Amino acid sequence: MEESETLDSELKLEEQIPDSLTPDDGGSTEEEQYNIYPDFKKIRVNDNLVLSIEQSGRTVESIKAQERVSKAVFTTLTYIFLVVMALLVIFPFYWMIITSFKQRSEILASTQTFFPSIVMWSNYVYVFQVFKFGRYMLNTIVVAVFDTLGTLITTILAAFAFSRLNFKGREAVFMIFLMTMMIPGEMMVISNYITVASFGWIGEDQTLLDAYLAMIVPFWISVYYIYLLRQNFKQIPNELYLAAKVDGKSDWSFLWRVMVPLAAPTLISICILKFMGAWNSYVWPNLVASKSEYQLISNGLRSSAFVDVDAGQTEYGYQMAATVCVTVPLFLLFIFFRKYIMRGVGRAGIKG
């Protein structure tokens with residue numbers, strides 16, 4: 001049996017050898033038989049062999065040196081591109097900061113400087129003494145905090161329903177939710193305005209509480225955040241849900257004790273992004289707040305507090321100083337929580 005298997009393997013090996021590589025026993029001379037060279041254009045043993053033939057005459061050191069040079073050039077070009085893009089992003093912030101320290105004459109000069117000739121710290125003093133910075137900041141913080149909390153609660157409940165609860169028409173309702181993401185937010189302004197007006201939150205007799213409700217309640221629902229959290233919830237194994245049911249846990253207990261802790265990075269990302277969106281909102285607060293003291297800091301930056309009535313010109317130094325004070329908290333928020341934002345968005349996944 002072993003001899004027959006050996007014979008079969010030898011026959012198969014001989015069949016795989018091209019005729020041009022086997023000596024011809026029929027009349028060829030010994031020199032002709034052993035001076036036959038394979039035609040590598042027709043016989044490709046593997047790509048590595050072809051590569052070695054193409055690079056014949058070169059040493060291994062020269063090939064490695066060329067690879068190192070190519071890698072160094074590619075890395076250099078990559079870093080140059082990143083540095084150029086970073087400068088394009090950072091330059092507006094740098095210009096905002098140096099403008100906040102300049103005099104009005106220097107700001108309006110035909111030749112601009114990249115550093116103020118005289119550092120005007122009085123621009124920041126004006127922000128805190130004359131401009132209603134504290135009032136605007138308080139309104140902004142209240143609206144941003146309660147807007148974020150409301151959005152977080154509705155997002156958790158809706159994402160849990162769409163990911164774990166089985167009810168009739170669940171997928172159809174979720175598809176309708178996703179379709180609303182295609183509608184621009186500007187098209188919802190009129191319907192939202194009519195809604196809050198019907199509640200009596202807008203009018204001449206508007207109170208501060210009415211203004212807060214008008215700026216907060218319409219934005220408690222975010223389809224994008226519901227979709228983001230739903231995708232994260234669907235990554236949690238269903239066996240945990242079934243095990244909780246066996247232990248007698250309710251859906252409410254499973255949601256807050258199991259799913260919410262596991263989805264903490266995504267929830268942190270939602271909180272930060274929503275807070276930043278509420279902090280920077282401008283159009284809607286400017287539309288529903290009937291009094292200037294009810295508006296947010298973004299509206300206050302465009303108010304007449306930075307206009308010199310006598311000269312009829314805008315005091316850009318004061319305005320940029322206030323803008324710096326508004327931007328710094330968001331910048332620090334992103335710096336300290338950037339890893340949670342990246343982790344939360346990354347963990348949202350594509351499963352589902």
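As the structure is a prediction and not an experimental result, all values here were calculated from the model.
- Environment of CZ in Phe167: crowded, with over 12 heavy atoms of neighbouring residues, nucleotides or ligands closer than 6.0 Å.
- Placement of Tyr225 and Leu255 within a single hydrophobic cluster is found when ILVMFWY residues are connected by side-chain heavy-atom separations under 4.5 Å, directly or transitively.
- In this structure, the side chain of Thr207 engages the main chain of Asp210 through a donor-acceptor pair within 3.5 Å.
- Judged by distance alone, the side chain of Gln295 and the main-chain N or O of Pro285 form no donor-acceptor pair under 3.5 Å.
- Residue pairs meeting the salt bridge (Lys or Arg N to Asp or Glu O under 4.0 Å) criterion with at least one member in residues 255-264, sequence neighbours excluded, do not occur.
- With a 4.5 Å cut-off on side-chain heavy atoms, Glu204 and Ser290 do not count as touching.
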- Go through the steps for Asn232 and Leu228 under the test side-chain contact (heavy atoms from CB on, under 4.5 Å), then give the verdict. CA-CA 7 Å; Asn232 191 273; Leu228 188 69; over 6 Å; no
- Message: Between Asn192 and Thr195, is the side-chain hydrogen bond (donor to acceptor under 3.5 Å, both in side chains) condition met? List the steps.
- Response: CA-CA 5 Å; Asn192 288 336; Thr195 301; 5.2 Å; no
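- The backbone N or O of Met120 sits nowhere less than 3.5 Å from a side-chain atom of Gln103 that would complete a donor-acceptor pair.
- No single ILVMFWY cluster, assembled from side-chain heavy atoms under 4.5 Å apart, contains both Ile216 and Ile156.
- Side-chain contact between Leu262 and Phe233 is absent, with no heavy-atom pair separated by less than 4.5 Å.
- A donor-acceptor contact shorter than 3.5 Å links the side chain of Ser298 to the backbone of Ser281.
- Taking Phe162 as the reference, Phe174, Phe177 meet the ring-ring contact (aromatic ring centres under 6.0 Å, His included) condition, with sequence neighbours excluded.
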- Task: Under the side-chain contact (heavy atoms from CB on, under 4.5 Å) rule, what do Val196 and Trp284 come out as? Steps first, then yes or no, please.
- Result: CA-CA 12 Å; Val196 297; Trp284 181 254; 4.2 Å; yes
- Query: Does the pair Phe199 and Leu213 meet the rule for a side-chain contact (heavy atoms from CB on, under 4.5 Å), with working shown?
  - Reply: CA-CA 10 Å; Phe199 291 154; Leu213 293 175; over 6 Å; no
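- Within the 4.5 Å cutoff, the side chain of Arg135 has heavy atoms near those of the Leu138 side chain.
- With a 4.5 Å cut-off on side-chain heavy atoms, Phe160 and Phe254 count as touching.
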Give every donor-acceptor pair under 3.5 Å between a side-chain atom in residues 87-102 and any protein atom, sequence neighbours left out.
residue	atom	partner	partner atom	Å
Tyr94	OH	Phe114	O	2.3
Thr99	OG1	Trp95	O	2.5
Ser100	OG	Ile97	O	2.4
Ser100	OG	Tyr124	OH	2.8
Lys102	NZ	Thr113	O	2.7

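- The shortest side-chain heavy-atom distance between Thr151 and Phe219 does not fall under the 4.5 Å cut-off.
- Within a 6.0 Å sphere centred on CE of Met181, other residues, nucleotides and ligands contribute more than 12 heavy atoms.
- Ser70 places a side-chain N or O within donor-acceptor distance of the main-chain N or O of Gln66, the cut-off being under 3.5 Å.
- Proximity of Val125 to Tyr318: side-chain heavy atoms (C-beta onward) are nowhere separated by under 4.5 Å.
- Each salt bridge (Lys or Arg N to Asp or Glu O under 4.0 Å) pair with one or both residues in residues 68-92, not counting sequence neighbours, would appear here, but there are none.
- In this structure, Tyr136 and Val326 have side chains that are not in contact, with every pair of non-hydrogen atoms separated by 4.5 Å or more.
- Linking ILVMFWY residues whenever their side-chain heavy atoms come closer than 4.5 Å, directly or via other members, places Met276 and Val328 in the same cluster.
- Judged purely by atom type and a 3.5 angstrom limit, Gln319 uses its side chain to pair as donor or acceptor with the backbone of Leu301.
- Using a 4.5 Å heavy-atom cutoff, the side chains of Asn139 and Tyr212 are in contact.
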Indicate every side-chain donor-acceptor pair of residues 238-247 with a distance under 3.5 Å to a residue at least two apart or in another chain.
residue	atom	partner	partner atom	Å
Asn238	OD1	Arg164	NH1	3.1
Tyr241	OH	Asp251	OD1	2.7
Lys245	NZ	Asp251	OD1	2.8

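- Counting only distance, with no hydrogens or angles, the side chain of Asn299 and the backbone of Leu296 share a donor-acceptor pair below 3.5 Å.
- Sorted by first then second residue, the salt bridge (Lys or Arg N to Asp or Glu O under 4.0 Å) pairs that include residues 259-286, not counting sequence neighbours, are Asp147-Lys274.
- For the pair Gln206 (side chain) and Val288 (backbone), a donor-acceptor distance under 3.5 Å is present.
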